[in-house]
Amino acid sequence: MSTLTVKLESLQTRGKGTEQRIAKFLLDNRESLIAMNAAELAQAAGVSSASVIRFSRQMGYRGYPEFKVDYLSDEKQHKAESLYGNLSRSDDTSQIIAKTGQMFISAIEKSLELLEPSMVDEVAKRMVDAKRIVLFGIGSSAIVASDVFHKLIRVNKHTLFSYDLHVQLSYSANLSADDFAIAVTARGNTLEINNMLRSAKEAGCSTVALCRFGQDDATKLADFTLPYFYDEQHTQLGVITPQVLQMVTFDTLFFKYLTLADSDADAALQKGRRALIQGKN
């Protein structure tokens, strides 16, 4: 870790008001500064231009331009050393294991904190009451949709899903008010998924988006949202997928669903288990 980064982290926790705001912005938005002058940084950080100049001098530079050059050089070094999140290329295997575990534990805990009990209750009730459940999901989200599909058919809930996008589009075109649609979408801005949510809305079909927390298009289109914590930066997309968080979020809903479903769901699970055992013999 460079001296400049250490100074910024120190100011973020122990600095005064304007110092904290500038340091926090710089640490949280490492790639943004390249196109910013002092006035633009000040506006983004919520301080005055004079505060940015004083901050630069306090850090040991003659002014903002000199600070910016050193900061961008430090950012280049940071990228070279950083693997993902707080993982570094210099970490040994035991450190990678420990940090990876903590990273996922933290993300799961934050995701569960975002779930509103009343929302989970209502979505579970809609699932129980629905004549059939239709799943939408493409790319890596299709893996999660498939997992949801298998859970629901094992409790004998009439559920539709296909990896084929054209089939999903056909499902969405033939929805009714008796159906319930679940859209699995990592970042909420997949055009095809959002178009299917629009089709569902036009048909009077209730919908839920299993999507990252925020105000993305899918959350605006769906009747309900089951959010999860997801903070990957654009340059990190695909390094760690949100699939684990999507599955944990749905499993929480599924546990609630099982408390509302009738005894036929339990009977279906038992029949499924017996069929699997017999299939192995």
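Just so you know, these numbers use all the heavy atoms, side chains as well, and skip hydrogens, waters and symmetry mates.
Within a 6.0 Å radius of CD in E40, more than 12 heavy atoms belonging to other residues, nucleotides or ligands are found. For F255, the CZ atom sits in a loose shell: 12 or fewer heavy atoms of surrounding residues, nucleotides or ligands are nearer than 6.0 Å.
Scored by the side-chain contact (heavy atoms from CB on, under 4.5 Å) test, D164 finds S162, H166, V167 as partners (sequence neighbours excluded).
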Donor-acceptor contacts, no H, no angles, side chain residues 200-207, under 3.5 Å, sequence neighbours left out:
{"unit_1": "S206", "atom_1": "OG", "unit_2": "R126", "atom_2": "NH1", "d": "2.7"}
{"unit_1": "T207", "atom_1": "OG1", "unit_2": "D223", "atom_2": "N", "d": "3.1"}
{"unit_1": "T207", "atom_1": "OG1", "unit_2": "D223", "atom_2": "OD2", "d": "3.4"}

Exercise for the section: Step by step, work out the side chain to side chain contact (heavy atoms under 4.5 Å, CB included) result for M196 and L165. Expected result: CA-CA 10 Å; M196 288 188 279; L165 175 59; 4.0 Å; yes
Problem - Audit row: T252, T249, side chain to side chain donor-acceptor pair (under 3.5 Å) steps and yes/no - result: CA-CA 5 Å; T252 304; T249 300; over 6 Å; no
Practice task
Decide yes or no on side chain to side chain contact (heavy atoms under 4.5 Å, CB included) for L26 and Y71, but give the supporting numbers first.
Solution key: CA-CA 9 Å; L26 291 170; Y71 176 88; 3.9 Å; yes
Exercise for the section: Begin from the C-alpha positions of S56 and E66 and carry the test side chain to side chain contact (heavy atoms under 4.5 Å, CB included) through to its verdict. Expected result: CA-CA 8 Å; S56 301; E66 186 178 275; over 6 Å; no
Exercise for the section: Report the C-alpha separation of Q246 and V184 in whole Å, then their side-chain angles, then the decisive distance to 0.1 Å, and conclude whether the side chain to side chain contact (heavy atoms under 4.5 Å, CB included) test is met. Expected result: CA-CA 8 Å; Q246 290 173 325; V184 185; 3.6 Å; yes
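A209 and A218 make their closest contact through CB-O, 4.0 Å (heavy atoms, listed as atom of the first residue, atom of the second, distance). The shortest non-hydrogen separation linking V120 to L253 is O-CD1, 3.7 Å. Nearest heavy-atom pair, A39 versus S49, reported as atom, atom and distance to 0.1 Å: CA-OG, 3.5 Å. Minimum heavy-atom separation, Y228 to A186: OH-O, 2.8 Å. Taking each heavy atom of L11 and A23 in turn, the nearest pair found is CB-CB, 4.0 Å.
Two different hydrophobic clusters hold V148 and L175 under the rule that ILVMFWY side chains link at heavy-atom gaps under 4.5 Å. Cluster annotation: L245 and F250 are assigned to the same hydrophobic cluster (Ile/Leu/Val/Met/Phe/Trp/Tyr, side-chain heavy-atom contacts under 4.5 Å, transitive). Under a hydrophobic clustering in which Ile, Leu, Val, Met, Phe, Trp and Tyr are joined whenever their side-chain heavy atoms come within less than 4.5 Å, directly or via other members, V208 and I193 fall into different clusters. Clustering ILVMFWY residues whenever any of their side-chain heavy atoms sit less than 4.5 angstrom apart, transitively, puts V248 in the very cluster that holds V144.
Under the 30°/60° scheme for interplanar angles, the aromatic rings of F149 and F161 are found to be tilted. Ring geometry for F224 versus F180: interplanar angle of 30 to 60°, hence tilted.
Inspection of the T18 and R21 side chains reveals no N or O donor paired with an N or O acceptor under 3.5 Å. Checked by atom type, the side-chain pair Q58/E19 shows a donor-acceptor distance below 3.5 Å.
Remark: side-chain polar atoms of S111 are paired, donor with acceptor, to backbone N or O of A107 under 3.5 angstrom. A distance-only check finds a donor-acceptor pair linking the side chain of D179 to the backbone of S176 [under 3.5 Å]. Looking at D147, its side chain never comes within 3.5 Å of a backbone N or O of I143 through a donor-acceptor pair.
With rounding to the nearest 0.5 angstrom, the NZ atom of K131 is 14.0 Å from the CG atom of D129. Separating the OG1 atom in T185 from the CD1 atom in I138 is a distance of 8.0 Å, to the nearest 0.5 Å. Considering CE of M127 and CZ of F254, their distance stands at 7.5 Å, rounded to 0.5 Å. Here L160 contributes atom CG and Q168 contributes atom CD; the two are 10.5 Å apart, rounded to the nearest 0.5 Å. Atom CD1 of I108 is separated from atom CE of M247 by 12.0 Å, given to the nearest 0.5 angstrom. Taken from CG in L114 to CG in L112, the straight-line distance is 8.5 Å, to the nearest 0.5 Å.
Salt bridge annotation for D121-K125: absent, with no cationic side-chain nitrogen under 4.0 angstrom from a carboxylate oxygen. Contact check on D251 versus K151 returns a salt bridge, with a Lys/Arg side-chain nitrogen under 4.0 Å from an Asp/Glu carboxylate oxygen.
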